[in-house]
**Q** 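Let me begin by handing over the structure; questions about it come next.
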Amino acid sequence: QVQLVESGGGLVQAGGSLRLSCAASGRIISSYTIGWFRQGPESEREFVAAFTWRDDTVYGADSLKGRFTISRDNAKNMVNLQMNGLKPEDTGDYYCAAGAVLDAVQSERRYQYWGQGTQVTVSS
C-alpha cells in the first residue's frame with residue numbers, strides 16, 4: 001500500500017504563488033510515477049504535472065507550463081508542485097496520485113493511489 005498526503009493549499013490572491021507538497025509513504029516502488037491533478041468547482045479532474053522516479057522525467061500540462069513546476073525532494077520522499085502567477089481559474093482541489101504508470105501519464109486511470117486532496121482558492 002502507498003499513502004499520499006497533500007499539503008500547502010490555501011487562499012491566495014491572483015498573481016501569487018503556492019507550493020503544494022505530496023508526502024509519499026508505504027511501499028513506494030522506484031518505477032512509480034507521481035502525478036498532480038486538479039478539479040475545479042464545475043469541471044472534471046485534469047492533469048497538471050507528473051514525475052517519474054525511475055528516470056527523473058518531468059511531464060506538465062501544456063497550458064500550465066511556465067507557471068507550474070514539479071520537483072521532488074528525495075530526503076523527504078516528497079514531490080512538490082510550485083505554482084506561480086496564479087489565476088482565479090486555478091481554483092480547485094489538487095490531488096496527488098501514484099502508480100506504475102508506463103505511458104499516458106496524463107490519464108488519471110493509470111494511477112492506483114490517490115491522496116485526499118488540498119484546496120487552492122485564488123481570489124481576483
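Predicted model only: the values in this text are computed from it and were never measured.
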**Q** With a 4.5 Å limit on heavy-atom distance, are the side chains of Leu64 and Glu46 in contact?
**A** no

**Q** With a 3.5 Å distance limit and no angle check, can you tell me whether Arg67 reaches the backbone of Gly85 through a side-chain donor-acceptor pair?
**A**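 A pair under 3.5 Å: yes.
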
**Q** Give the C-alpha distance, both sets of side-chain angles, the deciding distance and a yes or no for salt bridge (Lys or Arg N to Asp or Glu O under 4.0 Å) between Asp62 and Lys65.
**A** CA-CA 5 Å; Asp62 289 339; Lys65 286 181 179 179; 3.3 Å; yes

**Q** Do Cys96 and Trp114 come close enough that some side-chain heavy atom pair is under 4.5 Å?
**A**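 Sidechains of Trp114 and Cys96: no contact.
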
**Q** Apply the side-chain contact (heavy atoms from CB on, under 4.5 Å) test between Leu81 and each candidate in Thr118, Leu18, Leu20, Thr69; give the one that qualifies.
**A** Leu20

**Q** Tell me if a side-chain donor or acceptor on Ser43 pairs with a main-chain N or O of Gly40 at a distance below 3.5 Å.
**A** yes

**Q** Of Asp56, Asn77, Thr52, which is the lone residue that meets side chain to side chain donor-acceptor pair (under 3.5 Å) with Arg72?
**A** Asp56

**Q** Just wondering, are more than 12 heavy atoms of other shown residues or ligands nearer than 6.0 Å to CZ in Arg54?
**A** yes

**Q** Please identify which of these residues, Phe37, Tyr32, Tyr95, Phe47, meets the ring-ring contact (aromatic ring centres under 6.0 Å, His included) condition with Tyr111.
**A**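 Looking at Phe37, Tyr32, Tyr95, Phe47, the match for Tyr111 under the ring-ring contact (aromatic ring centres under 6.0 Å, His included) is Phe37.
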
**Q** Does a donor on one side chain sit under 3.5 Å from an acceptor on the other, for Gln82 and Asn80?
**A** no

**Q** Going by an N to O cut-off under 4.0 Å, is there a salt bridge joining Asp103 and Arg110?
**A** yes

**Q** Under 4.5 Å between any side-chain heavy atoms of Val48 and Met83, yes or no?
**A**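 The answer is no, as the side chains (C-beta and beyond) never meet within the 4.5 Å cut-off.
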
**Q** Test side chain to side chain contact (heavy atoms under 4.5 Å, CB included) on Val105 and Phe51; report intermediate values, then the result.
**A** CA-CA 9 Å; Val105 298; Phe51 183 94; over 6 Å; no

**Q** Taking Gln119 for the side chain and Gly9 for the main chain, is one N or O donor matched with an acceptor at less than 3.5 Å?
**A**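 Looks like no, no N/O pair under 3.5 Å.
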
**Q** If you measure from CD on Gln13 to OG on Ser124, what distance do you get to the nearest 0.5 Å?
**A**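 Separation between the atoms: 9.5 Å.
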
